[in-house]
There are 2 protein chains.
Amino acid sequence: MGRATQQRTLKTRAQLIAAARKIVADAGYEALRVEDVVAAATVAKGTFFAHFKDKDALMDILIGDHIDALLDDMEKTSRVTSVDDLIAITKPLLHFISSERYIFDVFLRLSGALAVEDIGKIATTLYRHDRILVGLMADSPFRKDISTDLLSEGIQSFCINAVALSFCVLHRGQDVESRLSVYLDAWLCPKC
Amino acid sequence: MGRATQQRTLKTRAQLIAAARKIVADAGYEALRVEDVVAAATVAKGTFFAHFKDKDALMDILIGDHIDALLDDMEKTSRVTSVDDLIAITKPLLHFISSERYIFDVFLRLSGALAVEDIGKIATTLYRHDRILVGLMADSPFRKDISTDLLSEGIQSFCINAVALSFCVLHRGQDVESRLSVYLDAWLCPKC
DNA sequence: TCCTTAAATTGACCGCGGTCATTTATTTGC
DNA sequence: GCAAATAAATGACCGCGGTCAATTTAAGGA
C-alpha cells in the first residue's frame, strides 16, 4: 500500500502545472520547454519527471483540461435539429484543436490509449465527446438506418479530417466549419 | 542558375538512403537514428542535413516510396463492385500504415503539405490515392447523391480513423478491415 | 597548369528531453 | 525524542536531432 502522499508533493505538482500554464498562456504550447517549466517552478529537472512520465504527459493534462472545459459547455446542449446546429456547438472544439499545429499533433498522438493502465485525459475526452454525440443523436432528425454509436464515430472521424485539412496548403480557402458542413450533410442526411 | 549537380552528390545521397533502408529492414522505422545512418554511409553528420532538411524528410522518402509501390498495385484495379472489393484492394495500404505506430505518426505529420514549396512524397501519395479512388467511384454501385470527390474524401477519412483505432486498447478486438467495413457500408451504401 | 569560384563535406558544438545514483526531507515504530 | 524506513528532490549526465564556421574537393576560365 505504501504511505500517503505528502503535502509537498501536491505543492510541487501544482507549481509545475501553474508554471506550465503560464508559459502556454504567454508563448503557446509549442514553445513550452521542460527546462523553462522547472526553472519557473524553482525545482530541479528530475523532479519534473518524478511527477510526469514525460513532456507529453504534461501536455495531456493541459490540453485535456482545456477540452474538458469545452465539453462542459457542449454538454449543456440537449438537442440538435440540424447539421448547422451540430456544427455550432462543435465550433469551440474545432477552433481549439486547429488553433496550433502542435496541439493537433499532440491530440492525435494521445487520442488513443496505448495501454489500459494509462488512459490519459485526452483519450478520455474523446470518449466523453463520443457519449455526448450519441446522446444528441438519439433525438435528432438524422438518418436512422445506422446506430447512434456509428453516427457518432463518423462525426468524430470527419471532425478530425476537417481539422487536418485546415493545416494543409492544398486545401486552404475553405474554413474548417464549411468543410465539416459538407461532410456531415453527406454523413447524416444521405439523399437517396 | 549555379553549377550542375556533381556525381558525388548523387553517390552520397544514394549511400545515405541505402544505409537508411538497411536499418529500417533490420530494425524497423522507429529504430532509425541519423547517427547510425551516417556511420553506415561513412559520411559526417552534417552531410546528412545537407541532403535532407531533417530526419522526417528522409522518412517521407522511405515511407512515401513504400506507399507509392502499393498504389502502383492498387492502380491496376479498374473497377470495384462492392465494399468488400474496395477493402480488399485497400488492405495492403492499411496493413503497412498500421504495422508500426511510428509509421502512422509520421504519416499523419507529413500527410498535409504545410507549404506549397515542400509538398512531400507522403502528401503526394495521399493525393494520388484520392485520384485513384475517384476513378473507382465513377463506375461503382455506390450512392450517387454526392460527388465522387466527396465519396473519396470520406473513404480516406474512415481509413485513417480505422487505423487510428487499431492502435487504441479501448477498441481492440476488431481488426482494421472489419471496422472499416462497417464504416464504408454506412458511407457508401446508406439504406434510407 | 594554375587560379578563382562555387559546391560538397566535415565535426565540434548546441538544445532539449529524459535517466539515475545520491542526497535531503518526512513519516513511522519504539 | 531517536533511528530505521520510505518518499521526494537533486543535478550531473546521456542520447540524439540539428547547426554552422571552417575545410576540402571539383568545375570553369585564362
Side-chain angles (χ1 to χ4, degrees), chain A residues 1-20 23-24 26-63 101-103 105-106 109-110 114 118 120, chain B residues 1-20 23-24 26-63 101-103 105-106 109-110 114 118 120:
Chain A
M1 254 225 51
R3 287 178 191 173
T5 316
Q6 298 178 14
Q7 286 303 316
R8 57 171 176 165
T9 307
L10 300 173
K11 189 187 165 191
T12 305
R13 188 189 157 93
Q15 279 173 352
L16 285 168
I17 290 183
I23 291 171
V24 166
D26 291 349
Y29 286 89
E30 171 128 53
L32 186 141
R33 299 282 167 272
V34 171
E35 299 199 330
D36 292 344
V37 173
V38 296
T42 56
V43 295
K45 205 174 186 177
T47 304
F48 180 95
F49 295 98
H51 286 262
F52 309 100
K53 186 178 154 288
D54 52 26
K55 186 180 167 178
D56 269 4
L58 171 65
M59 285 298 175
D60 189 53
I61 292 169
L62 298 181
I63 294 174
R101 172 73 211 214
Y102 180 74
I103 295 177
D105 282 345
V106 174
R109 211 178 317 131
L110 305 183
L114 293 173
D118 52 26
Chain B
M1 253 217 60
R3 287 177 191 174
T5 317
Q6 298 179 15
Q7 287 303 314
R8 58 172 176 166
T9 306
L10 299 173
K11 189 186 166 191
T12 305
R13 189 189 156 93
Q15 280 174 352
L16 284 167
I17 290 183
I23 291 171
V24 167
D26 291 349
Y29 285 88
E30 172 129 50
L32 186 140
R33 298 281 168 272
V34 171
E35 299 199 330
D36 292 345
V37 173
V38 296
T42 56
V43 296
K45 203 173 186 178
T47 304
F48 180 95
F49 294 97
H51 285 262
F52 309 101
K53 184 178 157 289
D54 52 24
K55 186 180 167 179
D56 269 3
L58 171 65
M59 285 300 174
D60 189 53
I61 292 169
L62 298 181
I63 294 174
R101 173 74 211 214
Y102 180 74
I103 295 177
D105 282 344
V106 174
R109 211 178 316 131
L110 304 183
L114 293 174
D118 52 25

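Side-chain atoms are counted along with the backbone in the values below, which use heavy atoms only and exclude waters and symmetry mates. Per chain, numbering begins at 1; letters A, B, ... match sequence-line order.
With respect to A:D105 and A:R101, a salt bridge is recorded, a charged nitrogen being found less than 4.0 Å from a carboxylate O.
Partners of A:Y29 according to the ring-ring contact (aromatic ring centres under 6.0 Å, His included) rule, which considers only residues two or more places apart in sequence or in another chain, do not exist here. Applying the salt bridge (Lys or Arg N to Asp or Glu O under 4.0 Å) test to B:K53 and every residue at least two apart in sequence or in another chain returns nothing. Considering only residues two or more places apart in sequence or on other chains, B:F49 meets the ring-ring contact (aromatic ring centres under 6.0 Å, His included) condition with none of them. The salt bridge (Lys or Arg N to Asp or Glu O under 4.0 Å) test applied to B:D36 returns no partner, not counting sequence neighbours.
Look at A:T12 and you won't find any side-chain N or O under 4.0 angstrom from OP1 or OP2 of D:dA8. Using a 4.0 Å cut-off, some side-chain N or O of A:H51 falls inside it from OP1 or OP2 of D:dA9.
The two residues B:D60 and B:G120 have their closest heavy-atom pair at OD2-CA, 3.2 Å.
Distance, A:F52 CZ to D:dA9 C1': 15 Å, rounded to whole Å. Atom CD of A:Q15 and atom P of D:dA8 are 15 Å apart (whole Å). Protein atom CG of B:L10 is 15 Å distant from nucleotide atom C1' of C:dT9, rounded to whole Å. D:dA9 atom C1' lies 16 Å from atom CZ of A:R13, rounded to whole Å.
Counting heavy atoms from C-beta on, the side chains of A:I17 and A:F52 come closer than 4.5 Å.
The CD1 atom of B:I61 sits 11.5 Å away from the CG atom of B:D56 when rounded to the nearest 0.5 Å.
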Pick out the pairs of N or O atoms, protein on one side and nucleotides 27-30 of chain D on the other, that lie under 3.5 Å.
none

(message) I need a per-nucleotide contact map over nucleotides 11-20 of chain C, read 5' to 3'. Cutoff is protein heavy atoms under 4.0 Å; write B for the base, S for backbone only, - otherwise.
(response) B----SBBBB
